[in-house]
K.L.:
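Below is the structure I would like to discuss, written out as structure tokens.
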There are 2 protein chains.
Amino acid sequence: MTAETQELKDVGLKITHPRIKIMRILLTSEVRHVSAEDVYRLLLGNNEEVGLATVYRVLTQFESAGLVTRHHFEGGHSVFELSPEHHHDHIVCIKCGHVEEFADPDIEARQSEIAKRLGFELTDHDLNMYGICADCR
Amino acid sequence: MTAETQELKDVGLKITHPRIKIMRILLTSEVRHVSAEDVYRLLLGNNEEVGLATVYRVLTQFESAGLVTRHHFEGGHSVFELSPEHHHDHIVCIKCGHVEEFADPDIEARQSEIAKRLGFELTDHDLNMYGICADCR
DNA sequence: CTAGTTGCAAATCATTTGCACTTGC
DNA sequence: GCAAGTGCAAATGATTTGCAACTAG
């Protein structure tokens, strides 16, 4: 059993060709953060036939199953990544689109405190920084 | 000269009826964070005739001029607010859409450090938390 | 006067959905 | 076999744009 099918089985999703192919793209892509279009193009590049609508459906299912995490960066389209073992946030280069990840326990702790103080039961959060990376300066 | 026309003049935008009306909505709305549709509906409620396309154009011009700030919350549409004097972040209720603002110097400081460490020249950032507010529990 | 602005309708973009057809178990 | 999944094309919702008509300075 390959890694892709194992992942699918683990979350109780039926093992289908499109789901296997899409999971393989996510597992092997050099770029960790991809849009639905990116996945679709990568599939085409591998001569894999999967409809764009299916890519959207499958990514959404993967998200519901917790396999992938959806982000809302600036620019109007969703970006997906395999759900990280450990939570992290992002800094995105506005010139080249390069994404760096980071995790900061202090920030996380402060966030929880703030949510509690404001009376919110926190379900999710998204900290995105935008700037110009070293290579683009 | 009213507050609306002053704001427009200050940033060098021609004083037109739609721009005045839209700025007035932003200045007087009880809700600080509004979508383009919200602004459009508020205008209609005031019996003001402005096309939706113009609302989008004007909000985008206001953003370029620095008068308003655009946010990308979950849910697929942009949300605008008059540019705050002092930076703050947001926590959004996923049930009722209510938005609370907060500012935390510790988080801000950590962000700057992290950006510097990763070699980014920071231009912008967006920290959004999502949860269920006290009223919705 | 005339460059900038608006309204409207049509266009675009990302994403979703209806439905007849296929496939995994 | 049959419910679940897929492809395709059409629908959607947010936002943008082309263009002829208007208006601020």
Side-chain angles (χ1 to χ4, degrees), chain A residues 1-2 4-25 33-44 47-65 67-80 97, chain B residues 1-2 4-25 33-44 47-65 67-80 97:
Chain A
M1 162 139 349
T2 63
E4 303 91 60
T5 53
Q6 187 61 56
E7 295 265 18
L8 296 177
K9 189 156 283 186
D10 286 350
V11 296
L13 283 173
K14 198 183 264 190
I15 316 293
T16 67
H17 289 304
R19 300 217 261 240
I20 291 172
K21 292 173 185 169
I22 291 169
M23 179 52 73
R24 180 149 49 221
I25 291 293
H33 302 82
V34 289
S35 65
E37 278 280 341
D38 291 338
V39 171
Y40 181 65
R41 272 194 294 272
L42 288 167
L43 286 166
L44 291 187
N47 271 6
E48 312 273 25
E49 299 290 323
V50 178
L52 179 55
T54 300
V55 172
Y56 276 103
R57 273 188 290 234
V58 168
L59 287 173
T60 301
Q61 292 157 355
F62 284 3
E63 184 193 14
S64 303
L67 292 177
V68 309
T69 302
R70 184 193 299 255
H71 297 286
H72 307 86
F73 295 159
E74 287 180 0
H77 57 287
S78 296
V79 173
F80 301 83
Chain B
M1 161 137 353
T2 63
E4 303 92 62
T5 53
Q6 188 60 56
E7 295 264 16
L8 296 177
K9 188 156 283 187
D10 286 349
V11 297
L13 283 173
K14 200 183 264 190
I15 315 292
T16 67
H17 289 305
R19 300 217 261 241
I20 292 173
K21 291 173 186 168
I22 291 169
M23 178 54 71
R24 180 148 50 220
I25 291 292
H33 302 83
V34 288
S35 66
E37 278 280 341
D38 291 338
V39 172
Y40 182 64
R41 272 193 295 272
L42 288 166
L43 286 166
L44 291 187
N47 271 5
E48 312 273 25
E49 299 291 324
V50 178
L52 178 56
T54 301
V55 173
Y56 276 104
R57 272 187 292 235
V58 169
L59 287 174
T60 301
Q61 292 158 354
F62 284 3
E63 184 192 15
S64 302
L67 293 177
V68 309
T69 301
R70 183 194 301 252
H71 297 287
H72 306 85
F73 295 157
E74 287 181 0
H77 58 285
S78 295
V79 173
F80 301 83

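What you see below is based on every heavy atom in this structure, not just the backbone, and it leaves out hydrogens, waters and symmetry mates. Bear in mind the structure is a predicted one, so any value in this text is a computation, not a measurement. First the proteins, then the strands, lettered A, B, ... as listed; each starts at 1.
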K.L.:
Roughly, in whole Å, what's the span from OH in A:Tyr56 to C1' in D:dT12?
P.N.:
13 Å

K.L.:
Applying side chain to side chain contact (heavy atoms under 4.5 Å, CB included) to A:Arg57 and A:Thr54, what does each step give before you reach the verdict?
P.N.:
CA-CA 5 Å; A:Arg57 273 188 290 234; A:Thr54 300; 3.7 Å; yes

K.L.:
Check every atom of C:dT6, D:dG7, C:dG24 against the side chain of A:Thr54 and return the nucleotide holding the closest atom.
P.N.:
D:dG7

K.L.:
Whole Å only: how far is the CD atom of B:Glu63 from the P atom of D:dT15?
P.N.:
12 Å

K.L.:
Can you find a side chain N or O atom of B:Arg19 that sits less than 4.0 Å from OP1 or OP2 on C:dT5?
P.N.:
yes

K.L.:
Any heavy-atom pair between the side chains of A:Val79 and A:Arg70 that's under 4.5 Å?
P.N.:
no

K.L.:
Of all the choices, D:dG25, C:dA9, C:dT16, which nucleotide is nearest to the side chain of A:Ala53 once you look at every atom?
P.N.:
C:dT16

K.L.:
If I take atom CG in residue B:Leu8 and atom C1' in nucleotide D:dT23, what distance separates them, rounded to the nearest angstrom?
P.N.:
15 Å

K.L.:
Check this for me: does the side-chain of B:Arg57 come within 3.5 Å of the base of C:dG4 through a donor and an acceptor?
P.N.:
no

K.L.:
Find the distance A:Leu59:CG to C:dT16:P and express it as a whole number of Å.
P.N.:
10 Å

K.L.:
OP1 or OP2 of C:dT5 versus the side-chain N and O atoms of B:His17: is any pair under 4.0 Å?
P.N.:
no

K.L.:
Among C:dG7, C:dT17, D:dT15, which is the nearest nucleotide to the side chain of B:Pro18?
P.N.:
C:dG7

K.L.:
Do A:Ile20 and A:Thr16 have side chains that get closer than 4.5 Å, going by heavy atoms?
P.N.:
no

K.L.:
The side chain of A:Val50 is closest to which nucleotide in this list: C:dT15, C:dC8, D:dG7?
P.N.:
D:dG7

K.L.:
Base, sugar-phosphate, or nothing: which does B:Glu37 touch, judged by heavy atoms less than 4.0 Å apart?
P.N.:
nothing

K.L.:
Between atom CG in B:Leu52 and atom P in C:dT5, what is the gap in whole Å?
P.N.:
19 Å

K.L.:
B:Tyr40 has an atom OH; how far is it from atom C1' of C:dC8, in whole Å?
P.N.:
10 Å

K.L.:
Has B:Glu49 got more than 12 heavy atoms of other residues, nucleotides or ligands less than 6.0 Å from its CD?
P.N.:
no

K.L.:
So which nucleotide from D:dT15, C:dC25, C:dT17 ends up closest to the side chain of A:Lys14?
P.N.:
C:dC25

K.L.:
A:Thr5 and A:Arg19: side-chain donor and acceptor closer than 3.5 Å?
P.N.:
no

K.L.:
What integer distance in Å separates A:Lys21:NZ from D:dG5:C1'?
P.N.:
13 Å

K.L.:
Please compare A:Ile15 and A:His77 by the position of their nearest nucleotide in DNA chain C and report the one closer to 5'.
P.N.:
A:His77

K.L.:
Return the nearest nucleotide to the side chain of A:Ser78; candidates are C:dT15, D:dG25, D:dT16.
P.N.:
C:dT15

K.L.:
On DNA chain D, does the nearest nucleotide to A:Gln61 precede the nearest nucleotide to B:Leu13 from the 5' side, or the other way round? Give the residue.
P.N.:
A:Gln61

K.L.:
Please determine, for the side chain of B:Thr16, which listed nucleotide (C:dG7, D:dT6, C:dT5) has the closest atom?
P.N.:
C:dT5

K.L.:
In whole Å, what is the span from the NZ atom of A:Lys9 to the P atom of C:dG24?
P.N.:
13 Å

K.L.:
Could you check whether any side-chain heavy atom of A:Ile22 comes within less than 4.5 Å of a side-chain heavy atom of A:Val39, counting everything from C-beta outward?
P.N.:
yes

